[in-house]
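Data block below; observations after.
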Amino acid sequence: MNSTPLANLEKIGALDRVPVSEELIQRIATHARQQLKDSGIKQASNETRFDCAYNAIRAVADIGLLLRGYRPSTRKPGHHQISIQALSHTLAVDAGTIRLLDALRRQRSGSNYDGDSVTAAALAECRQQAQAMVTLLDATLAAG
């Protein structure tokens with residue numbers, strides 16, 4: 001995968017270089033799996049379940065960057081967006097899926113910051129995408 005876009009993001013301060021840490025990657029992967037599992041708790045609100053599923057997606061996106069020796073910089077706004085959009089360069093996620101994940105990111109922001117409700121359909125989509133991302137992560141980690 002071409003890492004030139006990642007290097008460019010580093011140059012503008014959107015990404016920071018970090019040493020690859022298998023321990024950190026495994027901890028975040030465990031967190032992603034737990035967030036996905038928690039998104040299935042039916043007693044929780046749609047908003048809470050959506051947030052858990054989104055957190056799983058974001059954790060996978062962050063691991064994709066970590067595998068390449070990067071981490072999103074929190075010194076600038078938009079680090080969630082950078083992590084998701086970098087998926088094409090880190091885990092070979094197609095552009096259509098990235099657009100969908102970005103729409104879920106915007107939905108999560110609306111829910112968390114503006115009090116927007118999360119529909120059952122939006123929750124189902126977010127959970128489906130989170131499952132797909134965790135499955136992709138597991139395959140990537142297993143391949144070494």
Side-chain angles (χ1 to χ4, degrees), residues 1-41 44-116 118-119 121-144:
M1 283 168 229
N2 186 351
S3 65
T4 301
L6 299 180
N8 290 340
L9 288 169
E10 179 187 14
K11 285 180 187 175
I12 65 168
L15 295 178
D16 294 326
R17 269 279 182 200
V18 294
V20 175
S21 166
E22 186 62 32
E23 179 186 340
L24 178 60
I25 289 167
Q26 288 304 322
R27 278 198 328 259
I28 296 173
T30 298
H31 173 75
R33 292 181 199 104
Q34 185 61 53
Q35 289 288 297
L36 176 59
K37 183 177 176 185
D38 290 351
S39 76
I41 298 173
S45 68
N46 281 1
E47 290 74 22
T48 296
R49 294 174 67 200
F50 186 96
D51 207 40
C52 287
Y54 172 80
N55 287 340
I57 292 167
R58 168 100 192 296
V60 171
D62 285 346
I63 290 171
L65 286 168
L66 286 170
L67 289 167
R68 304 280 179 291
Y70 291 100
R71 186 168 217 163
S73 173
T74 56
R75 294 184 310 271
K76 290 188 171 193
H79 54 277
H80 287 219
Q81 185 175 17
I82 294 290
S83 293
I84 289 172
Q85 291 180 349
L87 282 165
S88 64
H89 306 290
T90 59
L91 297 175
V93 174
D94 67 88
T97 299
I98 290 172
R99 283 191 297 276
L100 178 55
L101 296 177
D102 196 55
L104 294 171
R105 177 192 61 79
R106 289 190 306 274
Q107 171 75 40
R108 178 248 178 211
S109 292
S111 174
N112 283 358
Y113 302 119
D114 298 329
D116 295 347
V118 173
T119 65
L123 171 60
E125 184 64 45
C126 193
R127 291 192 70 231
Q128 179 182 341
Q129 293 302 316
Q131 179 62 66
M133 293 302 295
V134 168
T135 299
L136 173 62
L137 174 66
D138 288 341
T140 300
L141 294 178

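The shown structure was predicted, so the numbers you read here are calculated from the model rather than taken from an experiment.
Side-chain contact between Arg75 and Asp16 is present, with heavy atoms from C-beta onward closer than 4.5 Å. The side-chain heavy atoms of Val60 and Val134, taken from C-beta on, include a pair separated by under 4.5 Å. The closest side-chain heavy-atom distance from Thr90 to Leu67 is not below 4.5 Å. Side-chain contact check for Leu104 versus Arg108: every heavy-atom pair is 4.5 Å or farther apart. Put simply, the side chain of Asp138 reaches to within 4.5 Å of the side chain of Arg33, judged on heavy atoms.
Evaluated for a side chain to side chain donor-acceptor pair (under 3.5 Å) with Asn55, the options His31, Gln34, Gln35 yield exactly one hit, Gln35.
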Point to revise | Stepwise side chain to side chain contact (heavy atoms under 4.5 Å, CB included) check, Met133 with Leu36 | key: CA-CA 10 Å; Met133 293 302 295; Leu36 176 59; over 6 Å; no
Practice item. Report the C-alpha distance between Arg127 and Ser39 in whole Å, list the side-chain angles of each, state the deciding distance to 0.1 Å, and finish with yes or no for side chain to side chain donor-acceptor pair (under 3.5 Å). Key: CA-CA 7 Å; Arg127 291 192 70 231; Ser39 76; 2.9 Å; yes
Check your understanding: Is there a side chain to side chain contact (heavy atoms under 4.5 Å, CB included) between Asp51 and Glu47 once you walk through the steps?
Key -> CA-CA 6 Å; Asp51 207 40; Glu47 290 74 22; over 6 Å; no
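The line from CD1 of Ile82 to OG1 of Thr74 is 12.5 Å long, rounded to the nearest 0.5 Å. Taking CG from Leu65 and CZ from Arg17, the interatomic distance works out to 10.5 Å, rounded to the nearest 0.5 Å.
For residues 52-61, every residue pair satisfying the salt bridge (charged side-chain N to carboxylate O under 4.0 Å, His left out) rule, not counting sequence neighbours, is listed here: Arg58-Asp62.
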